[in-house]
Amino acid sequence: QVQLVESGGGSVQAGGSLRLSCAASRYTTWMAWFRQAPGKEREGVAALYLRTSNTRYANSVMARFTISRDNAENTVYLRMNSLEPEDTAMYYCAAENRFGIPWNDTRAWSYWGQGTQVTVSS
């Protein structure tokens with residue numbers, strides 16, 4: 001079992017920045033961030049393979065968001081710059097990727113956090 005606790009969400013104006021944190025109860029090899037806006041499906045934002053720092057990003061956030069890790073603290077971060085109103089969503093942390101399933105498929109992940117809300121106003 002892995003418990004995941006997200007933090008760092010909030011309300012910002014367009015163009016602003018936020019950093020989300022996800023603390024895991026133990027080491028995991030893969031971690032990811034997903035988001036879900038009202039009325040939409042949950043979508044993959046970014047993923048990180050902790051052993052090599054190999055990363056994956058959704059096209060919509062490429063060059064604006066950065067996923068990083070602190071292995072000592074079993075914590076993964078999502079730095080979000082140049083935020084847009086379209087980034088408004090509940091952001092979820094996920095862990096333990098199932099091999100062979102695309103990283104941005106929710107079925108690829110075994111554990112989920114409760115989410116942290118990000119609201120971007122225009």
Side-chain angles (χ1 to χ4, degrees):
Q1 288 288 334
V2 179
Q3 283 74 48
L4 303 171
V5 179
E6 303 101 331
S7 61
S11 297
V12 297
Q13 291 191 330
S17 299
L18 283 173
R19 190 182 77 159
L20 306 183
S21 300
C22 174
S25 57
R26 64 168 175 83
Y27 180 82
T28 64
T29 54
W30 275 97
M31 294 185 74
W33 287 96
F34 280 70
R35 66 185 181 186
Q36 188 167 19
K40 295 188 176 181
E41 292 186 354
R42 192 170 296 189
E43 63 172 354
V45 175
L48 174 66
Y49 184 55
L50 273 69
R51 291 179 181 172
T52 64
S53 296
N54 191 13
T55 57
R56 300 285 188 272
Y57 291 97
N59 289 337
S60 59
V61 306
M62 192 79 68
R64 298 189 298 123
F65 290 10
T66 303
I67 189 170
S68 61
R69 76 191 196 283
D70 180 341
N71 279 353
E73 299 293 331
N74 291 334
T75 299
V76 169
Y77 304 98
L78 185 69
R79 177 68 180 181
M80 305 184 295
N81 295 328
S82 302
L83 282 162
E84 304 168 352
E86 293 73 23
D87 296 315
T88 295
M90 185 71 79
Y91 282 71
Y92 297 92
C93 181
E96 294 296 2
N97 179 263
R98 298 188 178 103
F99 184 76
I101 302 175
W103 73 269
N104 56 352
D105 188 327
T106 57
R107 295 171 297 179
W109 303 89
S110 301
Y111 302 101
W112 295 86
Q114 294 300 307
T116 185
Q117 178 68 38
V118 171
T119 302
V120 184
S121 59
S122 59

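Residue numbers count from 1 along this sequence.
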So, are R26 and E96 salt-bridged, with charged N and O less than 4.0 Å apart?
-> yes

Within 45° of the axis and under 6.0 Å from the centre of the six-membered ring of Y77, does NZ or CZ of R19 qualify?
-> yes

Are any non-hydrogen side-chain atoms of Y27 and R51 less than 4.5 angstrom apart?
-> yes

Taking a hydrophobic cluster as the set of Ile, Leu, Val, Met, Phe, Trp and Tyr residues connected by side-chain heavy atoms closer than 4.5 Å, whether directly or through intermediates, do Y92 and V76 fall within one such cluster?
-> no

Where does the angle between the aromatic ring planes of F34 and W109 fall among parallel (under 30°), tilted (30 to 60°) and perpendicular (over 60°)?
-> perpendicular

Out of curiosity, does W33 fall in the hydrophobic cluster containing M62 (side-chain heavy atoms, cut-off under 4.5 Å, transitive links)?
-> yes

Heavy-atom closest pair (M90 atom, Q117 atom, distance to 0.1 Å) is SD-N, 3.5 Å

Looking only at non-hydrogen atoms, find the nearest pair between Q3 and Q1 and report the distance.
-> NE2-CB, 3.9 Å

Inter- and intrachain pairs under disulfide (SG to SG under 2.5 Å), touching residues 4-105, at least two apart | C22-C93

Given the rule that I, L, V, M, F, W and Y join up when any side-chain heavy atoms are under 4.5 Å apart, are Y49 and V45 in one cluster?
-> no

Kindly compute the distance separating OG1 (T88) from CZ (R35), expressed to the nearest 0.5 Å.
-> 9.0 Å

Looking only at heavy atoms, what is the nearest atom pair of V2 and A24, with distance?
-> CG1-CB, 4.2 Å

Please report the closest heavy-atom contact between N81 and S17, naming both atoms and the distance.
-> OD1-OG, 2.9 Å

Among L50, N74, T55, T75, whose side chain to side chain contact (heavy atoms under 4.5 Å, CB included) with R69 holds?
-> L50

Do V12 and V61 sit in the same hydrophobic cluster, where Ile, Leu, Val, Met, Phe, Trp and Tyr count as joined when their side-chain heavy atoms come under 4.5 Å apart?
-> yes

Carefully, step by step, assess M80 and V118 under the rule side chain to side chain contact (heavy atoms under 4.5 Å, CB included).
-> CA-CA 10 Å; M80 305 184 295; V118 171; 3.8 Å; yes

Tightest non-hydrogen contact, residues A37 and A89, listed as N-CB, 3.8 Å

How many angstroms lie between CD in Q114 and CG in L4, if you round to the nearest 0.5 Å?
-> 9.5 Å

When rounded to the nearest 0.5 Å, the distance separating CH2 of W103 from CG of L48 is 11.0 Å

Hey, what's the ring geometry for Y91 with F65, parallel, tilted or perpendicular (30° and 60° as the breaks)?
-> tilted

Can you tell me how far OH of Y57 sits from CZ of R64, rounded to the nearest 0.5 angstrom?
-> 12.0 Å

Between CD of E84 and OG of S122, what distance do you get to the nearest 0.5 Å?
-> 11.5 Å

Can you tell me how far OH of Y111 sits from CE of M31, rounded to the nearest 0.5 angstrom?
-> 12.5 Å

